[in-house]
Amino acid sequence: MYKTAGVLIICLLMATTLQAQDTLPRFSATARGPGRILISWHNKYPVVSQISIQRSADSLKNFATLLTVPDPRLPENGAMDTKATHPNFYYRLFIVLDNGKYIFTPARRPHSRTEETPATAQKEEDDAEESIARAANTRLLVIAPPTDKQRSRIKTPATIHGLPELTLSNTVFVRKGDSLLGQLSGTQVQTFRDSLLRRTKDTLIFIDGDTLLIKPFVAKEVYKVSPYVYTSRSGNINVSLPEARTRHYSVKFFDENDKLLFELSEIKDPSLILDKTNFHHSGWFHFELYDGSQIKEKNKFFIPKEF
């Protein structure tokens with residue numbers, strides 16, 4: 001038995017437990033009591049490299065991957081969602097087949113063993129056939145080529161680190177944070193990807209076969225103590241400007257929210273000490289040092305909690 005993030009429990013399901021299983025790409029979603037939804041299926045695909053279970057409160061969007069099963073090749077497989085707060089979620093499977101071909105199964109809500117009628121079952125089967133027919137020509141060239149020791153595979157979501165060939169036939173949506181920037185045809189994806197990765201330091205994340213998420217690069221801040229404005233051992237602020245008499249120095253001080261606190265203009269003393277009580281509280285403060293109208297340094301200093 002495996003457990004992932006307290007959400008799903010992978011079951012080594014016996015045939016007697018899964019008598020009502022559907023054969024992929026169809027699957028069964030059965031309510032087994034409060035907070036327990038069994039997702040199960042029978043696999044007859046000769047090659048399958050990944051099966052992920054996804055859940056959403058909406059049947060068309062906002063699907064999140066709950067779990068990727070450890071061995072998708074098992075003929076009888078499934079998982080129990082033990083954290084379903086209500087029985088009205090929609091479930092679907094993301095299945096990666098040979099040569100990078102992938103499909104999303106139709107979404108379905110769980111049912112109890114007693115509520116499904118023959119008419120309902122037939123309608124779901126017809127919908128599944130129609131959806132699979134539409135998805136049959138959707139293809140993706142595998143990002144990580146196969147090796148002698150490892151099968152080709154697609155991770156969902158996956159960060160694209162290299163620049164291999166990438167060909168899609170479906171439309172892909174481009175997002176940045178919560179904003180939708182636009183959409184690309186399958187033939188435009190590789191050009192867009194290559195341009196972004198070569199011209200920026202941003203990360204491009206490929207999610208669920210239909211979304212490219214841009215994760216902006218954020219440089220790690222490296223703090224270096226200023227040689228001009230710094231905190232002394234007593235907690236007071238030293239301002240050291242050896243050329244002050246011949247320059248036109250001024251310093252602006254800001255709080256952690258960049259609100260201007262006060263300014264020292266036309267500094268002619270090469271060494272000043274500012275009492276820490278001028279800053280009213282401990283914490284980080286920013287400053288801007290100017291020589292005339294030209295900024296000489298932007299930095300920060302820290303006043304410890306000692307007053």
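When reading the values below, keep in mind they use all heavy atoms of this one structure, side chains included, and skip hydrogens, waters and symmetry mates. Predicted model only: the values in this text are computed from it and were never measured.
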Participant: Taking side chain to side chain donor-acceptor pair (under 3.5 Å) as the definition, give me every residue that meets it alongside N299, ordered by chain and number, with sequence neighbours left out.
Facilitator: E297

Participant: Any salt bridge linking R36 with D81? Criterion: basic side-chain nitrogen under 4.0 Å from a carboxylate oxygen.
Facilitator: no

Participant: Hey, what do you get for CG (N43) to CG (L74), rounding to the nearest 0.5 Å?
Facilitator: 8.5 Å

Participant: Once side chain to side chain contact (heavy atoms under 4.5 Å, CB included) is applied, do any residues pair with N238, and if so which ones, sequence neighbours excluded?
Facilitator: Y230, S232, I273

Participant: Using the side chain to side chain contact (heavy atoms under 4.5 Å, CB included) criterion, which residues pair with T191? Sequence neighbours excluded.
Facilitator: none

Participant: Restricting to side chain to side chain contact (heavy atoms under 4.5 Å, CB included), what partner residues turn up for A244, sequence neighbours left out?
Facilitator: L241, Y249

Participant: Could you list the residues that satisfy side chain to side chain contact (heavy atoms under 4.5 Å, CB included) with K224, not counting sequence neighbours?
Facilitator: none

Participant: So does Y228 have more than 12 non-hydrogen atoms from other groups sitting under 6.0 Å from OH?
Facilitator: no

Participant: Please report, to 0.1 Å, the donor-acceptor pairs under 3.5 Å made by any side chain of residues 250-262, with sequence neighbours excluded.
Facilitator:
{"residue": "D255", "atom": "OD1", "partner": "N257", "partner atom": "N", "Å": "2.9"}
{"residue": "D255", "atom": "OD1", "partner": "D258", "partner atom": "N", "Å": "3.1"}
{"residue": "D255", "atom": "OD1", "partner": "K259", "partner atom": "N", "Å": "2.8"}
{"residue": "D258", "atom": "OD1", "partner": "H286", "partner atom": "ND1", "Å": "2.7"}

Participant: Sequence neighbours left out, what passes side chain to side chain donor-acceptor pair (under 3.5 Å) with N278? Give chain and number order.
Facilitator: none

Participant: With Y290, which residues qualify under side chain to side chain donor-acceptor pair (under 3.5 Å), at least two apart?
Facilitator: E288

Participant: Considering only heavy atoms from C-beta outward, does the side chain of I214 approach that of T203 to under 4.5 Å?
Facilitator: no

Participant: List for me each residue that meets salt bridge (Lys or Arg N to Asp or Glu O under 4.0 Å) alongside D291, sequence neighbours excluded, and say none if there are none.
Facilitator: R247

Participant: Go through the structure and list residues passing side chain to side chain donor-acceptor pair (under 3.5 Å) with S195, not counting sequence neighbours.
Facilitator: R199

Participant: Look at the aromatic rings of Y91 and F89 and report parallel, tilted or perpendicular, splitting at 30° and 60°.
Facilitator: perpendicular

Participant: Are any of the side-chain heavy atoms of V48 and I95 separated by less than 4.5 Å?
Facilitator: yes

